[in-house]
Amino acid sequence: MGFVDYSAEGQIGIITINRPKALNALNADVLEDLKAVLEGVDQEAVRCLIITGAGEKSFVAGADIAQMSTLTKAEGEAFGKKGNDIFRALEVFPIPVIAAVNGFALGGGCELAMSCDFRICSDNAMFGQPEVGLGITPGFGGTQRLARLIGPGMAKQLIYSARNIKADEALRIGLVNAVYPQAELMDQAKKIASGIAKNAPIAVRACKKAINEGLEVCMDEAIVIEEKLFGSCFETADQKEGMGAFLEKRKDKNFINR
Ligand code: DAK
């Protein structure tokens, strides 16, 4: 792929936004490449995805300002829809996705990270939604996901002030789960991904679906979503394997994604 690399290491898939000359900024081609990479992921073999940026400076420094600068209203809406559709596909992607944020995650970069299941970052990471300083609103879901993740008050302050925050503040407000030295970030991401990959994949996917879908409805409906998904696990071979291993006092479990 031109601007987005993909590699699989065992059961872990690694997506790398690769446009380092522009700090991995998202233009239409990058978005198309990301869409194609996601569509090509082998959902049978891969049990966890990691998304990161090429180089040591930037995860994604936002949507491409040069490309956006001449958009008309209609073109702006179309560009927003293109990004939103892809980010939403990532958010509801059946397999868990970890954002390994290795530097700037600004504007569309912060929005991309927020579309993942959770975020870890390097100590040089910087997050922010600087759009109002450019005369626009966040356009790839930033107003919605940031408010849901860190609460409306904190999200409004960050978005209205266009203030970028460093890794330690991102950790404090719950935007990231952990901060690591830059050199350790990918190893740590792979370690977390391996920990996820060793569990029953159908159950992990059901948890993702239950959390995502449950958060969009009231608690009475949310617990029914969980009940249904819980019940569906009892039709899987992996439930029998997981519980069988416990009862037989076996440490080795062989989850087959069935
Ligand atoms: N777009 C295009 N090019 C970018 C870029 C970006 N977002 N960020 C960096 N680059 C390019 C720079 O232009 C420069 O290119 P050359 O001049 O070398 O050709 C190269 O990357 C290196 O950048 P710098 O020389 O500026 O590097 P520094 O280390 O000095 O500064 C920086 C790094 C990240 C602080 C700085 O580059 C910067 O402030 N970048 C812009 C960050 C930003 O404002 N990001 C948010 C973009 S707005 C919507 C859809 C989407 C969105 C909104 C609405 N709808 C359709 C409704 C999303 C909006 C955004 O993401």
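Note that the structure is predicted; figures quoted are calculated from it, not measured. First listed ligand is number 1; within each ligand, the first listed atom is number 1.
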Checklist entry - Applying a strict 4.0 Å limit to heavy atoms, is Q67 in contact with ligand 1? => result no

Checklist entry - With distance as the sole test, does E75 use its side chain to make a donor-acceptor pair with the main-chain N or O of T72 at under 3.5 Å? => result yes

Checklist entry - Salt bridge or not for K228 and E213, using N-O below 4.0 Å? => result no

Checklist entry - Any Lys/Arg nitrogen of D238 or R258 sitting under 4.0 Å from an Asp/Glu carboxylate oxygen of the other? => result no

Item to check | For C110 against G128, the heavy-atom pair lying closest together | outcome: CB-O, 3.6 Å

Item to check | Basic-acidic side-chain contact under 4.0 Å: E111, R145 | outcome: no

Checklist entry - Considering the options I159, I136, L106, which one meets the side chain to side chain contact (heavy atoms under 4.5 Å, CB included) requirement together with E131? => result I136

Checklist entry - Looking at R88 and E91, does any basic side-chain N land under 4.0 Å from a carboxylate oxygen? => result yes

Next on the checklist: Any protein heavy atom at under 4.0 Å, with atom 44 (O) of ligand 1 as the reference point?
Outcome noted: yes

Item to check | Side-chain (K240) to main-chain (F234) donor-acceptor, under 3.5 angstrom | outcome: yes

Next on the checklist: Using a 4.0 Å heavy-atom cut-off, which part of E131 comes near ligand 1: side chain, backbone, both, or neither?
Outcome noted: side chain

Give every donor-acceptor pair under 3.5 Å between a side-chain atom in residues 49-66 and any protein atom, sequence neighbours left out.
residue	atom	partner	partner atom	Å
T52	OG1	A100	O	2.9
T52	OG1	N102	OD1	3.4
S58	OG	L23	O	2.8
S58	OG	A61	N	3.4
D64	OD1	A66	N	3.0
D64	OD1	Q67	N	2.8
D64	OD2	R19	NH1	2.7
D64	OD2	R19	NH2	2.9

Next on the checklist: Check this for me - ligand 1, A61, N or O atoms closer than 3.5 angstrom, yes or no?
Outcome noted: yes

Checklist entry - Less than 3.5 Å between some nitrogen or oxygen of I136 and one of ligand 1, yes or no? => result no

Next on the checklist: Need the ligand 1 atom indices (1-based, order shown) with element for anything under 4.0 Å from a heavy-atom of K57.
Outcome noted: 27 (O), 28 (P), 29 (O)

Checklist entry - Is atom 39 (O) of ligand 1 less than 4.0 angstrom from at least one protein heavy atom? => result no

Checklist entry - Considering only heavy atoms of G76, which atoms of ligand 1 have at least one such atom less than 4.0 Å away? => result 55 (N), 56 (C)

Checklist entry - Are any of the side-chain nitrogens in K191 or D187 under 4.0 Å away from the carboxylate oxygens of its partner? => result no

Checklist entry - Counting only N and O atoms by type, is there a donor-acceptor contact under 3.5 Å from the side chain of R119 to the main-chain atoms of I98? => result no

Checklist entry - Should you measure from each heavy atom of L106, which atoms of ligand 1 turn up under 4.0 Å away? => result 34 (C), 42 (C), 45 (N)

Next on the checklist: Can you check atom 29 (O) of ligand 1: any protein non-hydrogen atom closer than 4.0 Å?
Outcome noted: yes

Checklist entry - Which ligand 1 atoms does K21 reach within 4.0 Å, using its non-hydrogen atoms? => result 20 (C), 21 (O)

Item to check | Ion pair check, K35 and E39, cut-off under 4.0 Å | outcome: yes

Next on the checklist: Tell me whether atom 17 (O) of ligand 1 lies less than 4.0 Å from at least one protein heavy-atom position.
Outcome noted: no

Checklist entry - Are any non-hydrogen protein atoms located under 4.0 Å from atom 36 (C) of ligand 1? => result no

Next on the checklist: Going by the rule side-chain contact (heavy atoms from CB on, under 4.5 Å), which residues pair with N254 if we only count those two or more places apart in sequence or in a different chain?
Outcome noted: E241, I256

Next on the checklist: Protein heavy atoms near atom 61 (O) of ligand 1, is at least one of them under 4.0 angstrom away?
Outcome noted: yes

Checklist entry - For A63 and ligand 1, does the shortest N/O to N/O distance drop below 3.5 Å? => result yes

Item to check | Under-4.0 Å heavy-atom contact between protein and atom 21 (O) of ligand 1 | outcome: yes

Checklist outcome for this item: When distances are taken from atom 11 (C) of ligand 1, the protein heavy atom at minimum range is A22 CA, 3.8 Å

Item to check | Proximal ligand 1 atoms for L134, defined as those under 4.0 Å from one of its heavy atoms | outcome: 44 (O), 47 (C), 48 (S)

Next on the checklist: I need the nearest protein heavy-atom contact for atom 26 (O) of ligand 1: residue, atom name and distance, please.
Outcome noted: L23 CD1, 5.0 Å

Item to check | Heavy-atom nearest option to atom 53 (C) of ligand 1, drawn from A162, G139, G142 | outcome: G139

Checklist outcome for this item: In this structure, atom 1 (N) of ligand 1 is nearest to the protein heavy atom I65 N, 2.9 Å

Item to check | For P130, atoms of ligand 1 separated by under 4.0 Å from a heavy atom | outcome: 43 (C), 44 (O), 45 (N), 46 (C)

Checklist entry - Considering only heavy atoms from C-beta outward, does the side chain of I95 approach that of Q43 to under 4.5 Å? => result yes

Item to check | Atom indices of ligand 1, in the order listed, that fall short of 4.0 Å to a heavy atom of T137 | outcome: 53 (C), 54 (C)

Next on the checklist: Can you check which of F79, F104, F140 brings a heavy atom nearest to atom 32 (C) of ligand 1?
Outcome noted: F104

Next on the checklist: Need the ligand 1 atom indices (1-based, order shown) with element for anything under 4.0 Å from a heavy-atom of G107.
Outcome noted: 46 (C), 61 (O)

Item to check | Sub-4.0 Å protein heavy atom next to atom 51 (C) of ligand 1 | outcome: yes

Checklist entry - Centres of the F93 and F87 rings: under 6.0 Å? => result no

